[in-house]
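Start at 1 and go down the list; that is how both ligands and their atoms are numbered.
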Amino acid sequence: MPLASVYPLVTTRALARPFTYEVPDGVGPGAHVEIRFGGTRRRGVVVSLVDEAPPGVEATPVVRVLEQLPPALVELALWVADYYGSTPGRALALVASHVRSRRFERPGPGEREGLVGEAQPPRLSATQEAALAAIGAALDGPGGRTFLLAGATGSGKTEVYLQACATVLARGRGAIVLVPEIALTPQAVGRFRARFGERVAVLHSALSEAERRDERERIADGRAPVVVGARSAVFAPVRNLCLLCVDEEHDASYKQDSDPRYDARSVAAKRAVLEGAVAVYGSATPRPESWERLERLELGGRLSGALPPVRVVDLRREAGYPLSAPLLAELGAIAEGGGKAILLLNRRGVAPALHCRACGLTLRCESCDVALVLHGDGVLRCHHCGFSEPAPELCPACSSPELARLGAGTQRLERELAARLPELERVRLDADTTARPGGVAAALAHFARTDRAVLLGTQMVAKGHHFPGVSLAAVVDADGGLGMPDFRAEERTFQLVTQLAGRSGRDAPGRVLVQTFQPDSRAIRFAARHDVAGFLAGELERRRELGYPPFRHLVRILVSGPEPAAPARALTELRDRLGEDELLGPAPLLRLRGRHRAQLVGKTSEPRRLAARAGELLAAAAPAMRKAGLRVVVDVDPQSL
Ligand code: ADP
Ligand code: ZN
Ligand code: ZN
């Protein structure tokens, strides 16, 4: 019998190597097999055939062959393992999920969740035509091309994905459409189902194990050549893949925050190269990385009229936070005349940044241009480079003593709304809602049916929902984002405000209101003008100067442990051994779940080399670190710092 190199799908790093097994004739790379391994049965993936077993190894036969994976997917997984510093076993587990034969027919998850779609528009806009022509030409070419489809919310990006998918289907080939969090965007599924019916498979984390297997089976056997799904759908075993669309490409949820810490956007580009496919990244607020690097297809403004005007409420002058007088007046008009409002409370990652209520200043690190974080000992620290200074008593810019910590909660907002405007029905969308199966769909459906209603929640309310009749969209505290100790803080704030503005007035003259203590910040100024290109130009300038992505890659090494000083000490040792690249830190972070933490951030043009070198040094230090209770995470291209 032929011999094969098989990676067992185990997570242990010590077993991250191939083992030799006998396989039946005709079985080759990509075979997903069951093996006997360490006294139990495991699954594994054949990566190559070999001539002989290593000396002293008695190869046993595999138990059975479960399925054949496309060899390109195996190559993709091995790339993920290498680039993100994971192991082949962990990365291969992303492409080889459990298999089992179908016993009875279940309605597909798409049927359960998809809302009603929309008819195909009779004519495409000129910019849509041009974008589709460019994508069509690329589909005829050698593949590996990547495009940025940039255009305001409602400029017709989804229609472009739909028609590009139709082209692909007409050629008997397959496509993957990635959306950030499918549970939050049931409309996206609805539109694909309405257009392509049973040929669409849906993959996301809220599916049951059985549903996921059914969908995978329909994908693998070609019944569902179009896959709509969240992050992990980038690994779907689509046959003859020739198109990958990444909707809302700016969304940070494309990055997985556990090992393997892959970014589905980078994986999509790599898969396009490996399979000769075309990748299309779409957004109303593209990442600076994509704006700089990808070929741009610009759709322009909204198809149905102008974007709504944005009114900036200066909280230094307006009392009443979280409900300022202008916001109360707008909500009052809805309570009286009918309509709907969306209120966003930007609590995302709010760290205790110090912020002056009189002049709006947020205290920032001079060398990293990120907010400084107030630690329990009264010291302000930079989470990038470790710079520290005692928190001042007075604002360094205007000498006001009114230095405040940023942030307020959804609950307080809800209470105030109930007290001030009891006529308005409040629908909350937050982590509690998403935790219940079907909770999001139910909340959204309820909001869609109700007049005089307010949808309030965290950043998820700004994602791709379409609601007729939303006349007001408001950001309650735009500063929460600006206070984040991350160089992407401004980008995130800009995206959030712009995306939320796109939610308002899809069919009515809508209004957008942004409450902020920092009306002059770049993110707010450009978002208020809907000036995406202007914001990105400035952002790229700043990033070029500071060596942030896309000009350099970042590698983040985070150590946590029970003792206060140990993480920083371990990272200092590591830094001294690494030596070569530009390494920032170690910077002490805030404690998390009782563990002390510190991070080292490397700026490099060779992220794999830096991560691999750090990996080797850390592996050598592993026994000592384990003894000290230290845990390490190496994150290549981190999306938050
Ligand atoms: P985006 O994905 O950029 O937000 P959509 O593709 O969802 O934009 O389009 C916004 C709205 O306009 C949808 O209701 C869609 O059906 C409609 N639409 C898209 N393309 C056209 C077109 N060429 N003519 C008329 N309506 C269109
Ligand atoms: Zn001040
Ligand atoms: Zn700094």
Side-chain angles (χ1 to χ4, degrees), residues 116-132 149-165 177 179 185 187-188 190-192 194-195 245-249 280 282-286 297-305 307 316 354-373 380-389 392-404 463-468 485-487 498-499 501-503 506-507 517-518 520 546-548 584-588 599 601 603 641:
V116 202
E118 291 175 53
Q120 180 168 342
R123 295 196 1 251
L124 289 176
S125 71
T127 51
Q128 282 175 320
E129 289 278 10
L132 273 168
L149 185 64
T153 320
S155 61
K157 296 183 293 295
T158 309
E159 188 59 38
V160 171
Y161 310 137
L162 283 162
Q163 298 215 11
C165 286
V177 181
V179 293
T185 52
Q187 281 107 337
R191 287 176 75 180
F192 280 84
R195 199 72 58 94
C245 299
V246 183
D247 191 25
E248 310 289 2
E249 70 96 28
V280 179
S283 177
T285 52
L297 305 171
E298 298 196 49
L299 292 186
R302 248 187 205 185
L303 289 163
S304 63
L307 287 160
R316 294 168 308 181
L354 267 194
H355 156 76
C356 173
R357 293 211 178 259
C359 76
L361 178 88
T362 300
L363 288 132
R364 302 174 81 80
C365 171
E366 289 195 4
S367 28
C368 306
D369 196 20
V370 299
L372 292 168
V373 176
L380 285 169
R381 290 196 170 86
C382 171
H383 280 189
H384 284 26
C385 71
F387 166 83
S388 69
E389 63 181 12
E393 300 277 320
L394 304 177
C395 170
C398 74
S399 301
S400 157
E402 282 189 84
L403 289 177
K463 299 202 169 160
H465 321 290
H466 300 219
F467 292 111
D486 187 326
F487 75 94
T498 308
Q499 293 285 340
R503 300 277 78 82
R506 278 193 166 238
D507 59 353
F517 285 101
Q518 303 169 71
D520 302 323
L546 293 165
Y548 286 131
L584 301 179
Q599 73 178 5
V601 176
K603 292 181 182 172
L641 286 174

Counting from 1, what ligand 1 atoms have a heavy atom of [X] closer than 4.0 Å?
X      : answer
Leu303 : 12 (O), 18 (N), 19 (C), 20 (N), 21 (C), 27 (C)
Ala152 : 3 (O)
Ser125 : 23 (N)
Arg191 : 5 (P), 6 (O), 7 (O), 15 (C), 16 (O)
Arg123 : 22 (C), 23 (N), 24 (N)

May I ask you to decide if [Y]'s main-chain N or O and [X]'s side chain share a donor-acceptor pair within less than 3.5 Å?
X      : Y      : answer
Lys603 : Leu584 : no
Gln163 : Leu132 : no
Arg316 : Cys359 : yes
Arg381 : Val373 : no

*Would you list the protein N, O or S atoms within less than 2.8 Å of the Zn ion (ligand 3), leaving out water?*
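For the Zn ion (ligand 3), the protein N, O and S atoms that sit under 2.8 Å away are Cys365 SG, Cys368 SG, Cys382 SG, Cys385 SG.
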_Angle in degrees, rounded to 10°, that SG of Cys356 and SG of Cys359 form at the Zn ion (ligand 2)_ =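 Rounded to 10°, it measures 110°.
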*Quick one: do Lys157 and Glu248 make a salt bridge, cutoff under 4.0 Å?*
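Between Glu248 and Lys157 there is no salt bridge, as every charged N stays at least 4.0 Å from the carboxylate O atoms.
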*Can you list the steps and then say if Leu546 with Cys368 is a side-chain contact (heavy atoms from CB on, under 4.5 Å)?*
CA-CA 7 Å; Leu546 293 165; Cys368 306; over 6 Å; no
*Under 3.5 Å, N or O to N or O, is Gly154 touching ligand 1 that way?*
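Yes, at least one N or O pair falls under 3.5 Å.
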*Which part of Ser155 is near ligand 1, with near meaning a heavy atom under 4.0 Å away: side chain, backbone, both or neither?*
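Looking at Ser155 and ligand 1, atoms from backbone and side chain both fall under 4.0 Å.
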*Should the pair Tyr548 and His384 be assigned to parallel (<30°), tilted (30 to 60°) or perpendicular (>60°) ring geometry?*
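Ring orientation of Tyr548 relative to His384: perpendicular.
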